[in-house]
Amino acid sequence: MDEESQRIGAWRRLLADQLESLRRAGVEQMAVRQTAAPPAACPRDGNGTAAPPRANEPRANEPRANEPRANEPRANEPRANEPCSERGRERGAADDVGTAVVAALPDAGAGNVHRGETADGMGLGQSLDRLRREVESCARCPELVRNRTRTVFGVGTPRTRLCLLGEAPGADEDRIGEPFVGRAGELLNKMIAACTLRREDLYILNVLKCRPPDNRTPEPNEVENCRPYLERQLDILRPEFICCLGAVAAQSLLRTTTPVGKLRGVVHAWKEAKVIVTYHPAYLLRSPNQKRAAWDDLQLLMAQMGISVPHSQPG
Ligand code: URA
């Protein structure tokens, strides 16, 4: 390698380190100068082409719907007249030329930066398909295998910021093969819409991939049997946020026996993802008086995601 390449390499490593420490400090966006040419390197998808931004993520220089425009602070971001040194972020002249997502910058370190492929170099869709086929042939839980019509793997976009994690398929899901398509799914759709999100931009999955007979609560050994699939699925998706719907989802993911009521209102962590816990939509159908509390949870989620919070509550 010649001297020039070594110097460029050193600069890139330094930049990547700085970006990573900003990311760890909670900075999700930063101003950049617009240039006519694209950045020297972009995250690549499996085909070696520049990877598009993740769903729910603003394109460089383009604010999302209901997101502050360039120059406006995002939720959790210091306002213009706030000292920024505490946040490890410097505002400068470049602020008025647009925004770019740190996660979209090259070699920004590990974290939840998606390069559109898994460690083995496969595209995300391919990796998920391979895992889906494994799940389809799984026979670890004889009672579930005997009773299932089909496995219910998950649905949504692989390049998502947010995963919604439920408990297990019910009768409708077992028939159709997609999570949350029954009555609980209808309420979940309203909850998603109330957050100004779109179901197709998220990824929805369950702790169990098979329906427990008569919709009984999953047995601990069934949760353990299915856990490697769930973990691998999340490892492929690498969401920034996971919203656990109900006790089984929250307690299984976080490996705790703490009740949902006590897990709510706090941002937990699973690997690099932030985890928010709320009530299961099926529980909310039975206990509508808890919808207000669930709405508080969704507002916490939106604030964490930098989505400005609408006032209306889902019905
Ligand atoms: N309840 C769940 O937890 N998951 C589904 O997919 C449907 C209902």
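Both counts, for ligands and for their atoms, begin at 1 and track the order of listing.
Note that OG1 of T160 is 10.5 Å distant from OH of Y203, once rounded to the nearest 0.5 Å.
A salt bridge links R292 and D296; the closest N-O separation between the charged side-chain nitrogens and carboxylate oxygens is under 4.0 Å.
With a heavy-atom cut-off of 4.0 Å, E173 touches ligand 1 through its side chain alone.
Both I204 and V135 are assigned to one and the same hydrophobic cluster, defined by single-linkage of ILVMFWY side chains at heavy-atom distances under 4.5 Å.
Near G166, meaning under 4.0 Å from any of its heavy atoms, are these atoms of ligand 1: 3 (O). If you number the atoms of ligand 1 from 1 as listed, the ones under 4.0 Å from a heavy atom of E167 come out as 2 (C), 3 (O). Close approach of ligand 1 to H280 is summarised as follows: ligand atoms under 4.0 Å from at least one heavy atom of the residue are 1 (N), 2 (C), 3 (O).
Taking all atoms of both residues into account, the shortest heavy-atom contact from H268 to L263 is NE2-O, 2.8 Å.
On a distance-only criterion, F180 and ligand 1 share at least one N/O pair closer than 3.5 Å. At least one N or O atom of A168, backbone or side chain, sits closer than 3.5 Å to an N or O atom of ligand 1.
Screening R140, R216, K209 for a salt bridge (charged side-chain N to carboxylate O under 4.0 Å, His left out) involving E222 leaves a single residue, R216.
Summary of contacts: the protein heavy atom closest to atom 4 (N) of ligand 1 is N206 OD1, 2.8 Å.
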